[in-house]
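Chain A is the first sequence line, chain B the second, and so forth, proteins listed ahead of strands; every chain is numbered from 1.
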Amino acid sequence: QVELQQSGPGLAKPSQTLSLTCAISGDSVSNNVAAWNWIRQSPSRGLEWLGRTYYRSRWYSDYAVSLRSRIIISADTSKNQFSLQVNSVTPADTAVYFCARQNHGNQGHSFEYWGQGTLVTVSP
Amino acid sequence: DIQMTQSPSSLSAFVGDRVTITCRASQTMGNYLNWYQQKPGRAPRHLIYAASNLQSGVPSRFSGSGSGTDFTLTISSLQPEDFATYYCQHSYNTPPTFGQGTRLEIK
């Protein structure tokens with residue numbers, strides 16, 4: 001059974017960097033049929049995909065166009081985890097952030113496993 | 001980006017009812033369509049992948065159908081634990097996007 005455990009601060013100040021980590025158990029971040037995603041949820045934007053990282057002989061990352069200049073998603077194979085950084089945050093980045101494992105081994109490429117969610121509030 | 005539109009936005013039903021939720025995509029996408037259930041304060045729970053395949057451990061009263069642009073999620077006989085918000089999501093291309101959700105309430 002795959003489990004994802006999120007960690008990181010729940011408060012960030014405007015212009016600072018939001019950083020969250022997702023620790024994986026029951027799977028490897030280097031699994032070549034999985035992708036490791038960050039998704040956020042807010043009342044104004046609903047469920048919004050932010051980006052992912054995945055390993056297919058080398059590491060790849062994809063990002064939402066709206067965040068591409070401010071976001072980095074990276075994997076740490078030594079700790080079997082992946083991380084999210086969003087730079088220059090504003091109150092519009094206030095949301096519940098989820099990490100999720102996407103299964104590229106089924107045709108739906110669905111988000112099979114989710115972290116518990118972290119409410120991040122951007123406020124002075 | 002592919003836009004996903006769910007209907008209805010909210011729905012009231014009795015325990016034991018059969019309910020259907022519809023999801024329409026702004027362009028054709030084969031069967032790269034997935035469904036999730038979310039309860040307040042919880043992460044979404046994966047129910048169905050590739051339009052009609054039940055995720056392991058999901059009760060058989062849940063079913064999905066459709067292809068192309070039109071998809072449905074059906075709950076054959078509502079149980080008290082099914083009252084939640086349901087989301088469709090496509091993975092046809094990047095970015096994957098979600099519908100706005102259908103809130104299912106007890107009548």
Side-chain angles (χ1 to χ4, degrees), chain A residues 1-6 10 20 22 26-27 33-54 56 60-68 71 73 95-119, chain B residues 1-7 9-10 23 25 29-58 62-68 71 73 84-103:
Chain A
Q1 178 75 350
V2 176
E3 293 188 0
L4 304 178
Q5 181 66 39
Q6 298 178 219
L20 297 173
C22 185
D27 199 355
V33 294
W36 306 96
N37 294 255
W38 287 96
I39 295 162
R40 68 183 178 185
Q41 185 174 32
S42 63
S44 59
R45 288 199 290 258
L47 285 161
E48 179 187 16
W49 177 81
L50 304 181
R52 65 186 173 197
T53 190
Y54 55 98
R56 303 290 185 268
Y60 294 85
S61 295
D62 299 320
Y63 301 120
V65 170
S66 62
L67 286 166
R68 193 163 288 164
I71 188 174
I73 296 174
V96 178
Y97 286 73
F98 295 100
C99 59
R101 177 192 186 275
Q102 188 178 23
N103 182 358
H104 283 190
N106 70 41
Q107 191 173 6
H109 291 191
S110 53
F111 299 110
E112 284 187 324
Y113 299 100
W114 296 66
Q116 79 275 22
T118 301
L119 173 60
Chain B
D1 298 2
I2 297 176
Q3 306 303 315
M4 309 300 294
T5 304
Q6 291 181 231
S7 60
S9 295
S10 63
C23 179
M29 38 179 279
N31 65 345
Y32 281 82
L33 190 283
N34 309 301
W35 290 97
Y36 304 86
Q37 175 196 68
Q38 188 179 30
K39 297 182 178 180
R42 305 291 299 273
R45 172 196 179 194
H46 178 221
L47 296 177
I48 287 171
Y49 65 93
S52 61
N53 296 275
L54 208 61
Q55 176 70 352
S56 176
V58 175
F62 291 90
S63 64
S65 65
S67 67
F71 302 87
L73 172 69
T85 300
Y86 292 84
Y87 294 93
C88 62
Q89 172 257 325
H90 87 83
S91 288
Y92 181 71
N93 57 17
T94 301
T97 56
F98 294 82
Q100 83 280 13
T102 295
R103 185 175 178 182

Q. Which one, A/Leu50, A/Val96, A/Asn106, leads in non-hydrogen pairs under 4.5 Å with chain B?
A. A/Asn106
Q: Name the region of A/Phe111, side chain, backbone, both or neither, that has any atom closer than 4.5 Å to a heavy atom of chain B.
A: both
Q: Answer yes or no: are there more than 12 heavy-atom neighbours, outside B/Phe62 itself, under 6.0 Å from its atom CZ?
A: yes
Q: Could you look at B/Arg42 and say if it's the side chain, the backbone, both or neither that has a heavy atom under 4.5 Å from chain A?
A: backbone
Q: Quick one: pull up OH in B/Tyr32 and CD in A/Gln107 and give me the separation to the nearest 0.5 Å.
A: 5.0 Å
Q.
Quick check: closest heavy atoms across A/Gly108 and B/Asn34, and the distance to 0.1 Å?
A. O-ND2, 2.9 Å
Q: Counting only heavy atoms closer than 4.5 Å, note whether B/Thr94 contacts chain A via side chain, backbone, both or neither.
A: side chain
Q.
If I take atom CZ from residue B/Arg45 and atom CH2 from residue A/Trp114, how far apart are they, to the nearest 0.5 angstrom?
A. 14.0 Å
Q. Among B/Ala51, B/Pro95, B/Pro44, B/Gly99, which residue forms the greatest number of heavy-atom pairs with chain A at distances under 4.5 Å?
A. B/Pro44
**Q.** Crowding at CZ, A/Arg56 (>12 non-hydrogen neighbours, <6.0 Å)
**A.** yes
Q) Quick one: does B/Tyr87's side chain have a donor or acceptor within less than 3.5 Å of a partner on A/Gly46's backbone? A) no
Q. Side chain, backbone, both or neither: which part of B/Tyr92 has a heavy atom under 4.5 Å from chain A?
A. neither
Q | Residue selection (most heavy-atom pairs with chain A, distance under 4.5 Å) from B/Ser91, B/Ala50, B/Gly30 | A | B/Ser91
Q. With only heavy atoms counted, which part of B/Gln100 is less than 4.5 Å from chain A, the side chain, the backbone, both or neither?
A. neither
Q) For the atom pair CZ (B/Phe98) and CD (A/Gln41), what is the distance rounded to the nearest 0.5 Å? A) 9.0 Å
Q. Considering only heavy atoms, which portion of A/Arg45 lies under 4.5 Å from any heavy atom of chain B: side chain, backbone, both, or neither?
A. neither
Q: Kindly compute the distance separating CG (A/Leu47) from CE (B/Met4), expressed to the nearest 0.5 Å.
A: 12.5 Å
Q: Give, for atom CH2 of A/Trp49 and atom NE2 of B/His90, the distance between the pair rounded to the nearest 0.5 Å.
A: 10.0 Å
